[in-house]
There are 2 protein chains.
Amino acid sequence: MSASQPERGRSHQPTIKEVARLAGVSPMTASRTLNGGLNVRPDLQERVMAAVRELGYQRNENARSLRPGQPSGLIGIAITNLANPYYGSFALGVEEVAAEHGRRIILGNTGEDAGRERQLVSDFIGRQVDGLILVPTSGDSAHLRPERLGDMPLVLASRRVPGLEADTVLLDDVGGAYRGTISLLDAGHTRIGFLGNRSSVFTGERRYRGFEQAMSERGVAIDPAIVARDQQDVDAARRAARAMLDRPDAPTAIFSANNRNTIGALREIGRRIHDGLPGPRPSIVSFDDFELSELMPVPVTVIDHDGRRLGREAATLLFTRLTGDGDMPARTVELPVTVEFPRPGERA
Amino acid sequence: MSASQPERGRSHQPTIKEVARLAGVSPMTASRTLNGGLNVRPDLQERVMAAVRELGYQRNENARSLRPGQPSGLIGIAITNLANPYYGSFALGVEEVAAEHGRRIILGNTGEDAGRERQLVSDFIGRQVDGLILVPTSGDSAHLRPERLGDMPLVLASRRVPGLEADTVLLDDVGGAYRGTISLLDAGHTRIGFLGNRSSVFTGERRYRGFEQAMSERGVAIDPAIVARDQQDVDAARRAARAMLDRPDAPTAIFSANNRNTIGALREIGRRIHDGLPGPRPSIVSFDDFELSELMPVPVTVIDHDGRRLGREAATLLFTRLTGDGDMPARTVELPVTVEFPRPGERA
DNA sequence: CCGACTGTTGGTAACGTTACCAAGGCGGGT
DNA sequence: ACCCGCCTTGGTAACGTTACCAACAGTCGG
């Protein structure tokens with residue numbers, strides 16, 4: 001699987017020397033023209049530009065960045081799961097800000113695999129990226145330590161890495177989960193189930209903490225029997241929801257800490273309604289928005305957040321560090337989330 | 001917005017010369033070791049590898065690809081809208097296959113802007129990408145002509161570019177739309193509305209054609225009054241659906257040619273149900289899947305397709321061309337779509 | 001014991017670009 | 001008229017890497 005297969009020869013990209021020859025000037029004059037034309041006679045500039053157009057010349061950025069001090073103009077991004085629409089938006093936000101700064105992004109998908117993350121980071125460094133933005137996996141993170149990264153600027157998104165000081169953009173997971181849970185308590189629910197990720201997942205831990213805070217603040221006990229924190233996919237979430245709802249003391253509301261769990265829970269609820277099973281039709285609070293939540297057969301409150309904005313903030317942090325003092329202390333930006341209640345009356 | 005701000009100095013990446021010095025060999029021996037170690041004494045290889053580990057050496061891929069004939073190992077991708085989950089999956093598919101071939105992807109978002117696409121392609125070429133994969137915009141495409149691209153391998157995805165011969169991966173838009181429409185006709189519907197894109201959009205045209213084919217085959221007339229082909233976003237789709245459903249001769253079913261139109265139509269239907277408005281509760285056929293379609297208040301048939309697979313096919317076409325004969329004629333792969341009916345009984 | 005061949009190593013040059021320096025031309029001030 | 005300084009131009013070298021060639025050591029067959 002290496003890159004050693006025979007490659008077809010590009011039909012030859014013109015170089016600056018050929019441009020210079022065609023324009024009848026030295027490569028230096030052509031280079032200066034292409035870099036703003038400082039101290040180049042206007043008529044020569046025109047000849048150079050004409051030659052550029054005629055040959056379809058495109059500067060070789062790789063060769064350019066070879067010279068010391070020249071940035072490559074590339075930003076490396078590693079994301080845990082590009083198929084997740086939220087991270088697609090995130091990548092878009094980063095791409096936009098990068099483009100505004102004349103940079104491009106190299107993108108890799110880790111699939112939550114720390115080994116793949118290490119490999120990607122290493123490759124990015126080999127391509128001389130100007131900085132790294134990553135949604136870190138929860139595995140081994142030795143490859144992100146300062147002694148390995150040198151002073152390569154690094155921004156973490158969505159999650160922190162234990163023991164690593166770096167610029168970070170996060171959501172207000174705790175606050176969002178707290179407010180979502182409070183809304184259930186305000187509506188009179190006292191038996192609330194929880195679906196989420198295990199505590200080793202950074203956001204899983206934070207969202208559970210927000211849930212816990214709200215419950216304890218209102219003096220409502222958390223029943224471990226209706227807390228399920230180990231679902232990674234929709235089917236597991238559905239099974240966990242089923243187990244909860246099959247209980248005689250089934251919850252009247254469910255807090256779901258992420259999109260996968262919400263979909264699973266709603267599938268299970270849909271099945272029960274269709275099959276005419278008895279038991280509560282639990283309200284849902286879902287961390288992560290999804291479209292048409294207002295058309296669900298039970299009221300769904302969503303805790304919404306903006307992946308694109310998270311990406312933009314991450315890129316902004318990176319460029320601030322890139323253009324400013326590299327030794328400033330690590331900063332953390334925590335983006336607000338919004339709690340959107342079911343539109344009144346739009347639900348039965 | 002150029003890259004001319006002061007950059008912080010990287011703390012110096014070690015070079016192969018430093019590795020060689022530390023290992024007590026020449027740079028050539030170090031280079032050979034790193035490239036497979038052919039004809040290098042094992043003990044020297046070990047010294048080199050030890051030096052690599054000690055210095056944390058990472059080969060500079062940009063310098064490497066400067067030598068003629070060396071591929072850069074980069075694939076350029078331009079996508080119209082990364083925030084669209086379908087294209088996120090597409091990018092993931094490309095990334096996976098690229099990674100299997102030891103390549104990385106540079107990703108740009110065009111936002112349906114032909115000028116931006118031109119800029120991205122030009123930049124990708126400047127970075128010496130080994131190939132291009134794009135979801136083309138519908139604007140001017142002069143920058144994609146062979147005389148501009150040389151023999152840079154190019155794969156188009158989702159859409160063709162008029163007058164341009166290139167490897168292409170498409171969905172079976174016509175067949176999917178045909179089968180979806182047939183399913184409505186089979187269910188006894190004769191008054192079917194259409195929501196989609198204008199005919200200048202490649203998929204918009206193809207999906208309408210499939211719809212048309214099914215209708216004419218069954219001898220059912222298409223009423224232009226309930227055909228709306230100019231909606232780009234959810235709100236416009238909702239307004240178009242509303243106009244149709246407000247008519248005395250409202251359709252009893254709607255064919256929606258894409259996700260945005262489906263969401264808009266369903267929002268409008270949800271509103272009417274909630275407000276208790278009279279009129280039909282139209283069944284929907286939706287080109288593009290979405291989660292929880294089975295929980296909608298009206299039966300939804302989805303025409304499903306796999307963005308990741310489309311991405312994998314696109315990348316496969318590219319690598320076939322890259323490793324094989326560059327002059328083989330352009331190929332087109334048309335991926336099948338699946339028509340998923342509402343799960344029987346799961347709907348009222 | 002010699003020649004040929006194989007295996008191993010290193011020097012040189014080149015990829016495309018631009019920073020640095022040197023040199024030439026021109027204008028203005030004295 | 002002369003000199004100084006600025007504007008303009010081009011030559012050279014260097015960035016990190018590796019292909020090519022040359023050189024040398026060791027081995028084997030005759």
Side-chain angles (χ1 to χ4, degrees), chain A residues 2-4 6-7 9-10 12-48 51-52 55-73 125-129, chain B residues 2-4 6-7 9-10 12-48 51-52 55-73 125-129:
Chain A
S2 82
S4 58
E7 294 285 332
R10 195 73 19 75
H12 183 65
Q13 300 266 125
T15 74
I16 201 169
K17 290 184 188 175
E18 300 171 65
V19 169
R21 182 138 26 97
L22 182 60
V25 298
S26 76
M28 269 315 299
T29 299
S31 173
R32 269 188 281 255
T33 301
L34 290 168
N35 287 300
L38 199 67
N39 290 344
V40 180
R41 248 167 46 213
D43 58 321
L44 291 190
Q45 293 198 41
E46 275 169 37
R47 293 210 325 249
V48 169
V52 164
L55 295 176
Y57 170 75
Q58 182 66 39
R59 183 167 58 197
N60 183 331
E61 291 295 331
N62 290 348
R64 183 169 202 233
S65 70
L66 188 57
R67 314 203 84 260
Q70 290 286 347
S72 68
I125 292 175
R127 294 184 187 280
Q128 314 300 114
V129 295
Chain B
S2 83
S4 59
E7 294 286 330
R10 197 72 18 78
H12 184 64
Q13 299 268 125
T15 74
I16 201 170
K17 291 185 187 173
E18 299 171 65
V19 169
R21 182 138 27 94
L22 182 59
V25 298
S26 77
M28 268 315 301
T29 299
S31 173
R32 270 188 281 255
T33 301
L34 291 169
N35 287 300
L38 199 67
N39 290 345
V40 179
R41 246 165 49 211
D43 58 321
L44 291 190
Q45 293 198 41
E46 274 169 38
R47 283 190 0 226
V48 169
V52 164
L55 295 177
Y57 170 76
Q58 181 66 38
R59 182 167 57 196
N60 182 331
E61 292 296 330
N62 290 349
R64 182 168 203 235
S65 70
L66 189 55
R67 314 203 85 259
Q70 289 285 345
S72 67
I125 291 174
R127 295 185 187 279
Q128 313 300 114
V129 295

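A note on names: the letters A, B, ... follow the listed sequences, proteins ahead of strands, and every chain is numbered from 1. Being a predicted model, the structure only gives us computed values, none of them experimental.
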- Task: Would you check if A:Val19 and A:Leu55 make a side-chain contact, meaning some heavy-atom pair closer than 4.5 Å?
- Result: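 Sidechains of A:Leu55 and A:Val19: in contact.
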Under-4.0 Å side-chain N/O to phosphate OP1/OP2 contact, [X] with [N]:
{"X": "B:Arg59", "N": "D:dT18", "value": "yes"}
{"X": "B:Thr29", "N": "C:dG10", "value": "yes"}
{"X": "A:Gln70", "N": "C:dA19", "value": "yes"}
{"X": "B:Asn39", "N": "C:dG7", "value": "no"}
{"X": "B:Gln128", "N": "C:dG16", "value": "no"}

- Sugar-phosphate, base or nothing in reach of B:Asn60, heavy atoms under 4.0 Å: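 Sugar-phosphate, backbone atoms only, no base.
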- Checking all strands, does A:Arg67 fall into the base, sugar-phosphate, or nothing category for heavy-atom contacts under 4.0 angstrom? base
What's the [atom1]-[atom2] distance between [X] and [N], to the nearest Å?
{"X": "B:Leu38", "N": "C:dT6", "atom1": "CG", "atom2": "C1'", "answer": "13 Å"}
{"X": "A:Arg127", "N": "D:dT17", "atom1": "CZ", "atom2": "C1'", "answer": "14 Å"}
{"X": "B:Leu66", "N": "C:dT18", "atom1": "CG", "atom2": "P", "answer": "12 Å"}
{"X": "B:Asn62", "N": "C:dT17", "atom1": "CG", "atom2": "P", "answer": "13 Å"}
{"X": "A:Ile125", "N": "D:dG16", "atom1": "CD1", "atom2": "P", "answer": "16 Å"}
{"X": "A:Lys17", "N": "C:dT18", "atom1": "NZ", "atom2": "P", "answer": "12 Å"}
{"X": "A:Leu34", "N": "C:dA19", "atom1": "CG", "atom2": "C1'", "answer": "16 Å"}
{"X": "B:Ile16", "N": "D:dT17", "atom1": "CD1", "atom2": "P", "answer": "5 Å"}

- Position toward the 5' end of DNA chain D (nearest nucleotide), A:Met28 or A:Pro42: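 Residue closer to the 5' terminus by nearest nucleotide: A:Pro42.
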Taking all atoms of both residues into account, what is the closest heavy-atom pair of [X] and [Y], and its distance?
{"X": "A:Leu66", "Y": "B:Ala63", "value": "CD1-CB, 3.4 Å"}
{"X": "B:Ala30", "Y": "B:Val25", "value": "N-CG2, 4.2 Å"}
{"X": "A:Gln13", "Y": "A:Glu18", "value": "O-OE2, 4.1 Å"}
{"X": "B:Leu34", "Y": "B:Tyr57", "value": "CD1-CE2, 3.4 Å"}
{"X": "B:Pro27", "Y": "B:Ile16", "value": "O-CD1, 4.0 Å"}

- Task: Begin from the C-alpha positions of A:Arg59 and A:Asn35 and carry the test side-chain contact (heavy atoms from CB on, under 4.5 Å) through to its verdict.
- Result: CA-CA 11 Å; A:Arg59 183 167 58 197; A:Asn35 287 300; 2.8 Å; yes
Choosing from [options], which nucleotide comes nearest the side chain of [X]?
{"X": "A:Arg41", "options": "C:dC15, C:dT17, D:dT9", "answer": "D:dT9"}
{"X": "B:Ala63", "options": "C:dG11, D:dG10, D:dG16", "answer": "D:dG16"}
{"X": "B:Asn35", "options": "C:dT9, D:dG16, D:dT18", "answer": "D:dT18"}
{"X": "A:Ser26", "options": "C:dT9, D:dG10, C:dT17", "answer": "D:dG10"}
{"X": "B:Thr15", "options": "C:dT9, D:dG16, D:dT8", "answer": "D:dG16"}

- With DNA chain C as reference, determine whether A:Glu61 or B:Leu44 sits nearer its 5' end, using the nearest nucleotide of each.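 Nearest nucleotide further toward 5': that of B:Leu44.
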Scan nucleotides 24-27 of chain C against the protein and return all N/O pairs shorter than 3.5 Å with their distances rounded to 0.1 Å.
none

- Stepwise side-chain contact (heavy atoms from CB on, under 4.5 Å) test for B:Gln128 and A:Asn60: CA-CA 7 Å; B:Gln128 313 300 114; A:Asn60 183 331; 3.4 Å; yes
